[in-house]
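This report concerns only the one structure given below.
These values consider heavy atoms only, across backbone and side chains, with no hydrogens, waters or symmetry-generated copies. Start at 1 and go down the list; that is how both ligands and their atoms are numbered.
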Amino acid sequence: MNSPTKGAAEGVGPEERQYQVVFDHSREGIFVTSGDGQFVQVNPGMVDLLGYLRLELLARNVQDLFSDPGDWDRLREEIEREGRARAFEARLRRKDGRELDCHVSAAAEHTPDGSVAGHHGLVSPIGERPAPDEQIQRATLHDTLTQLPNRTFFVQRLERLLQRHLYRPAYRFGLLFVALNRFKLVNDSLGHRAGDRLLVLVAERLSNLVRPEDTVARIAGDEFGILMMDLDGGEEAAVVAGRIREGLGEPFDVFGEDVYVSASIGITLSEPTYGSAEDMLRDAETAADHAKREGLEGGLVFEDSMRTGSVTRFATEMALRRAVERQEFVLHYQPVVALESRRIVGFEALARWNHPERGLLMPDQFLPVAEETGLIVPIGNWALMEACRQIAEWRAELLGSESLVMTVNLSVRQLLIPSFGSVVREALEGAGIPGEALRLEITETVFLDDPAAVRETLAQIAELDVKLCLDDFGTGYSSLSYLRDLPVHLLKIDRSFMGRLSEADMGTTGEMVETILTLARGLDLEAVAEGVETEIQRANLLRMGCRHAQGYLFSRPVEAERARALVLDSSEAGIPGPA
Ligand code: C2E
Ligand code: CA
Ligand code: CA
C-alpha cells in the first residue's frame with residue numbers, strides 16, 4: 001500500500017500521538033487516499049458516518065461515496081489548482097442507500113517531484129445528527145433489573161472495539177463471559193424475588209471488581225459480559241477472571257440470608273480474525289462451558305479445539321433431544337447364565353439408539369453427551385420402565401421362566417434425583433413384578449458426587465427388595481475392604497480381568513479374580529463375571545467358584561425377539577457350547 005503519509009497508526013512523536021487520538025475518537029470522518037483516490041486510511045468516525053465496514057471502505061475510491069461522482073473531481077481540481085485545502089458541501093451516499101449532506105474538506109499531499117501523492121480529508125454531516133431519544137436509548141440499551149447495559153449495547157460496543165482493533169492491532173482488549181452456576185437453584189429454592197435481588201447484587205459486585213473504563217453488561221438471565229480495555233494479554237485477563245471468581249466467592253446478603261454463588265468464566269482476546277462481535281461472544285461462551293464441564297475455578301481462555309468439540313457436541317445434543325421425544329431408543333438384552341448349566345437366569349438391558357440416518361448407535365456414541373446434558377435421566381428412566389415391562393412379559397409367557405431377573409444400568413444423575421425411589425416403584429408396579437425381578441447396576445463412581453444423597457436413594461431402592469450390583473468391579477479406586485460399607489448385593493467382575501484367565505499361566509490376574517471371589521463369599525455377595533468369551537475362561541471361573549457370568553461365549557446382547565427365542569431354546573440344556 002503506497003501510503004502518502006507516515007501511517008497515522010504508527011505515529012511516534014507527541015504531535016502524531018495527538019493526531020492519533022483525534023483520528024481514533026473524532027466523530028468526524030477522517031480519511032487519507034492515495035493519488036488515484038483509493039482510500040488508504042479511514043477512521044471509526046468515517047465508518048459510523050457511512051455505515052460501511054472499514055475493510056469495505058478501504059476497497060473503495062473516495063469518488064464512489066459521492067452521490068454525484070463529478071463533485072469529487074471538481075473539489076480535487078480546485079485543491080490542486082489552488083495548492084491549499086478547500087471545503088465544500090456535497091451529498092454522500094451511505095451503504096444503506098441513504099443520502100447524507102456533508103461538509104467535505106480536503107488537502108493534497110505532494111511528492112518531492114511535485115506530483116500528487118494523495119489527499120487528506122475530513123467529512124462532517126451538515127446539521128445535528130438525529131439525537132436518539134434519551135429515554136428510548138436507555139430502555140433499549142439497558143437491563144431494567146440491574147441497570148447494566150444489556151446484550152444489544154454490549155454487542156454494539158464490542159463491534160466498535162473490533163473495528164478499532166483492525167487498525168490498531170496493538171490495542172488489545174478482552175472479553176469475559178461470566179455464567180453463574182446453579183442460579184436456577186436459588187430461584188427454585190428461595191423464589192424469584194430472591195433470584196432478582198441476587199442478580200442485582202452480583203451486577204453491583206462485578207461493576208466494582210473491574211476498572212472504570214471496562215464495561216459490565218447483563219447478557220442474559222444469569223450471564224454477564226465484561227469488556228476489558230487495554231489488555232496486555234491472556235495472563236492479565238486470567239488475573240481479572242481470578243479476581244472476579246474470588247469476589248463472587250464472598251456470600252451475598254439476600255434479604256438477610258447468606259447466598260453463595262460460583263461462576264464459570266470464559267475468556268476471548270481481541271484478534272483481527274474476529275469478523276463479528278457475535279463470533280467473539282460465542283467463543284467466550286464456549287470457553288465458559290468448557291470451564292464448567294471441567295469444574296475449573298477461574299477462567300478458561302478460548303482455544304480453537306473447543307469450537308469443533310462444541311459444535312459436534314451441540315449437534316449431538318439437539319439430535320438426542322429429538323430422539324428422546326420421538327422415542328428412538330431400543331433395548332438389547334444380554335443373557336446372564338449359570339456357568340455350570342449354561343442356563344439363562346436373567347438379562348442385562350443395554351441401551352441402543354436407533355438413529356434415523358446413522359443406524360443403530362452403541363452407548364459410547366451417545367451416552368457421554370446424554371450424561372453431560374442430563375438427558376440420561378429421561379433415557380435411563382425409559383430404559384427402566386421398558387426393561388421391567390419386558391421381563392414381566394417373559395416371566396408370564398415362557399414356561400419355567402418365572403424367576404428370570406432383569407438387570408438395568410443406572411447413571412448417577414438418576415440417583416441424585418430425590419424422588420428416584422418412586423420412579424423404581426412405579427416401574428415395578430406398572431409391570432406388575434416383584435422387586436426381586438429387578439437388579440440395578442451402579443459403578444463405584446456414583447459415590448463420588450454426593451455420597452449422602454446417593455445413599456439415601458439407594459436405601460429407598462433397597463426397601464423395594466431390588467438388589468444392587470456394583471458394575472465394573474476391580475477397575476475403580478475403592479479398596480476391597482471398603483466394599484463392606486456399600487449397600488450392594490452383587491459384584492460384577494470387570495471384563496478386563498478375563499483376558500488373562502485364558503492363558504495357562506494366569507499370573508496375578510488370576511489371583512486378583514480369586515481374591516475378589518473369596519472376598520465376595522466372605523461378605524455374602526454374589527459375583528457375576530462379565531466379558532466371558534472362551535471355554536477356558538469359563539472353566540477357570542468355575543474352578544474358582546464363580547457361578548454366574550455373561551459374555552460373547554454365551555450370547556452377545558440381542559434384540560428382544562432373539563432373547564425370547566434364546567430362553568425357549570436353552571430351557572432344557574442351557575445355551576449350547578462349542579460342538
Ligand atoms: P456395561 O454395563 O459394563 O455393559 C457391558 C458391556 O460389555 C456392553 O457394551 C456389552 O455389549 C459388552 N460385552 C458383553 N459381553 C462381552 C464380551 O464377551 N466381550 C466384550 N468385549 N464385551 C462384552 P455396551 O452395550 O456397548 O454398553 C456399554 C456401556 O454402556 C455399559 O457398560 C453401560 O455402562 C452403559 N449402558 C448401556 N445401557 C445403559 C443404560 O440403559 N443406562 C445407563 N446408565 N448406562 C447404560
Ligand atoms: Ca452393566
Ligand atoms: Ca460392566
Which one of H332, R352, M362 has a non-hydrogen atom at the shortest distance from atom 25 (O) of ligand 1?
-> R352
Looking only at protein heavy atoms, what sits closest to atom 21 (N) of ligand 1 is E533 OE2, 3.2 Å
For R243, look at atom CZ and say whether over 12 heavy atoms of other residues, nucleotides or ligands are found less than 6.0 Å away.
-> yes
In Å, rounded to the nearest 0.5 Å, how long is the span from CZ of R218 to CG of L145?
-> 5.0 Å
How close do L148 and A217 get, heavy atom to heavy atom, and via which atoms?
-> CD1-C, 4.1 Å
Atom CD of E559 with >12 non-hydrogen neighbours under 6.0 angstrom | no
What do we get for E371 next to ligand 1 when only non-hydrogen atoms under 4.0 Å count, side chain, backbone, both or neither?
-> neither
For atom 27 (O) of ligand 1, the protein heavy atom that lies nearest, with its residue and separation = P363 CG, 3.4 Å
Report the nearest protein non-hydrogen atom to atom 42 (N) of ligand 1: residue, atom name, distance rounded to 0.1 Å.
-> N409 O, 3.4 Å
Side-chain donor-acceptor contact under 3.5 Å, S555 with Q334 = no
D143 side chain to T146 side chain, donor-acceptor N/O pair below 3.5 angstrom = yes
Against heavy atoms of Q334, which atoms of ligand 1 measure under 4.0 Å?
-> 14 (C), 15 (N)
Q460 and E456: side-chain donor and acceptor closer than 3.5 Å?
-> yes
Return yes or no for this condition: an N or O of E348 is under 3.5 Å from an N or O of ligand 1.
-> yes
Would you mind checking which non-hydrogen protein atom is closest to atom 11 (O) of ligand 1, with the distance to 0.1 Å?
-> P557 CG, 3.3 Å
Below 4.5 Å, heavy atoms only, C-beta onward: do L198 and V261 meet side chain to side chain?
-> yes
Where ligand 1 meets G551 - atom numbers and elements under 4.0 angstrom, heavy-atom basis | 15 (N), 18 (O)
Judged by non-hydrogen atoms, does M498 sit under 4.0 Å from ligand 1?
-> no
Can you check whether a protein heavy atom sits less than 4.0 angstrom from atom 9 (O) of ligand 1?
-> no
Nearest neighbour in protein (non-hydrogen) for atom 31 (C) of ligand 1 = L350 CD2, 4.1 Å
Looking only at protein heavy atoms, which one is nearest to atom 16 (C) of ligand 1, and how far off is it?
-> Y552 CE2, 3.2 Å
Please identify which atoms of ligand 1 are closer than 4.0 Å to at least one heavy atom of D472.
-> 3 (O)
For residues I344 and S570, report the shortest heavy-atom separation together with the two atoms involved.
-> CD1-OG, 3.5 Å
Quick one: does Q414 get an N or O within less than 3.5 Å of an N or O on ligand 1?
-> no
Within 4.0 Å of some non-hydrogen atom of L410, the atoms of ligand 1 are 44 (N)
Provide, to 0.1 Å, the distance between atom 38 (N) of ligand 1 and the closest protein heavy atom, together with that atom's residue and name.
-> A351 N, 3.0 Å
Write down the atom of R395, the atom of S403, and the distance for their closest heavy-atom approach.
-> NH1-C, 3.8 Å
How about Q365 and W353: does a side-chain donor come under 3.5 Å of a side-chain acceptor?
-> no
Any chance the side chains of T443 and D471 put a donor and an acceptor closer than 3.5 Å?
-> no
Determine whether the side chains of S264 and N181 contain a donor N or O and an acceptor N or O closer than 3.5 Å.
-> yes
Taking the six-membered ring for Trp and the single ring otherwise, decide whether the centroids of F329 and F366 are under 6.0 Å apart.
-> yes
Within 4.0 Å of some non-hydrogen atom of V532, the atoms of ligand 1 are 18 (O)
Side chain to side chain donor-acceptor pair (under 3.5 Å) partners of residues 426-441, not counting sequence neighbours, each pair once = E441-K492
Looking only at heavy atoms, what is the nearest atom pair of V408 and L384, with distance?
-> CG1-CA, 4.2 Å
Near the Ca ion (ligand 2) (under 3.0 Å) - protein N, O or S atoms = E348 OE2, N409 OD1, E441 OE1, D471 OD2
Distance filter under 4.0 Å to L367 heavy atoms, resulting ligand 1 atoms | 30 (O), 35 (C), 36 (N), 45 (N), 46 (C)
For atom 6 (C) of ligand 1, the closest protein heavy atom turns out to be R495 NH1, 3.3 Å
Atoms of ligand 1 close to E530 [distance to a heavy atom under 4.0 angstrom, numbered from 1] = 3 (O), 5 (C)
For D471, atoms of ligand 1 separated by under 4.0 Å from a heavy atom | 1 (P), 2 (O), 3 (O)
Verify, without hydrogens or angle tests, whether R205 (side chain) and G247 (backbone) share a donor-acceptor contact under 3.5 angstrom.
-> yes
